[in-house]
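Have a look at the structure below, then the notes.
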Amino acid sequence: MSSIINRMNNSLKVSYLYLLLGVIAFIVGIFVTTNTIEFTQQAINTKGKVSNLVVVETKIYPEVTFSSSSNETHKFISNSGCKPACYKKGERVNVLYLPNQPSQAQLNSFVSLWVPTLLTCGIGLIFIAFSLLQIKRLKV
């Protein structure tokens, strides 16, 4: 098994594959960042209330109820969960939503908005950096 790992670690093809994966992840991260920026610029900020806590696998996600500008009540489950719960039932939270798509609302929080961007760009940059170092090492 270790001989397979050694051959992979000393292969330019594998290094270029990691470089390609890093570039793809970074491009996806830029796309996610652009979408998040557009969303935050177009979204309406309002207050919502945590109406329930939903357990999915090991994380607890807040279910949030809010009223749109047309006084319609909407409900969504946040895309970010944690354990222990980050929010309490009944807690007031800031919500961002698009007027024409209130069902796609998100919590107005760093974790909900920017962690996906940081993860995809960060993973991409790490893959790029390590693959470039490996390529440089193997070409010497």
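In this text the structure is predicted, and so the values were computed from the model without any measurement.
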Close side-chain approach of [X] and [Y], heavy atoms under 4.5 Å:
{"X": "V23", "Y": "F127", "value": "no"}
{"X": "P99", "Y": "I44", "value": "yes"}
{"X": "V54", "Y": "I60", "value": "no"}

Looking at [atom1] of [X] and [atom2] of [Y], how far apart are the two atoms once the value is rounded to the nearest 0.5 Å?
{"X": "N108", "Y": "K47", "atom1": "CG", "atom2": "NZ", "value": "9.0 Å"}
{"X": "Q134", "Y": "S11", "atom1": "CD", "atom2": "OG", "value": "9.0 Å"}
{"X": "L118", "Y": "I123", "atom1": "CG", "atom2": "CD1", "value": "10.5 Å"}
{"X": "T40", "Y": "Q106", "atom1": "OG1", "atom2": "CD", "value": "9.5 Å"}
{"X": "E72", "Y": "S67", "atom1": "CD", "atom2": "OG", "value": "9.5 Å"}
{"X": "L133", "Y": "L138", "atom1": "CG", "atom2": "CG", "value": "11.0 Å"}

So, S112 and S109: side-chain donor and acceptor under 3.5 Å apart, yes or no? yes

Are S15 and S131 linked by a side-chain donor-acceptor pair shorter than 3.5 Å? no

Closest non-hydrogen atom pair, [X] against [Y]:
{"X": "N94", "Y": "N45", "result": "CB-OD1, 4.0 Å"}
{"X": "T33", "Y": "C121", "result": "OG1-SG, 4.2 Å"}
{"X": "K75", "Y": "T65", "result": "CE-OG1, 3.6 Å"}
{"X": "V50", "Y": "K88", "result": "CB-O, 3.5 Å"}
{"X": "V111", "Y": "P116", "result": "O-CD, 3.8 Å"}
{"X": "S78", "Y": "L107", "result": "OG-CD1, 3.5 Å"}

If you apply the rule side chain to side chain contact (heavy atoms under 4.5 Å, CB included), what do you find for F26 with T120, and how did you get there? CA-CA 6 Å; F26 189 73; T120 51; over 6 Å; no

Is it possible for you to say whether [X] and [Y] belong to one hydrophobic cluster, with membership spreading through side-chain heavy-atom contacts below 4.5 Å?
{"X": "F76", "Y": "L96", "value": "no"}
{"X": "L19", "Y": "I24", "value": "no"}
{"X": "I37", "Y": "F110", "value": "yes"}
{"X": "V32", "Y": "L125", "value": "no"}
{"X": "I135", "Y": "I128", "value": "yes"}

Would N52 and V64 count as a side chain to side chain contact (heavy atoms under 4.5 Å, CB included) here? Give the steps. CA-CA 7 Å; N52 198 9; V64 178; over 6 Å; no

Checking side chain to side chain contact (heavy atoms under 4.5 Å, CB included) for the pair K49/E91: CA distance, chi angles, key distance, verdict? CA-CA 6 Å; K49 185 176 180 180; E91 185 176 344; over 6 Å; no

Determine the interplanar angle of the Y97 and F66 rings, folded into 0 to 90°, and report it as parallel if under 30°, tilted if 30 to 60°, perpendicular if over 60°. tilted

Set out, in order, the CA-CA distance, both residues' side-chain angles and the distance that settles side chain to side chain contact (heavy atoms under 4.5 Å, CB included) for K59 and Y61, then state yes or no. CA-CA 6 Å; K59 293 187 178 178; Y61 297 83; 3.7 Å; yes

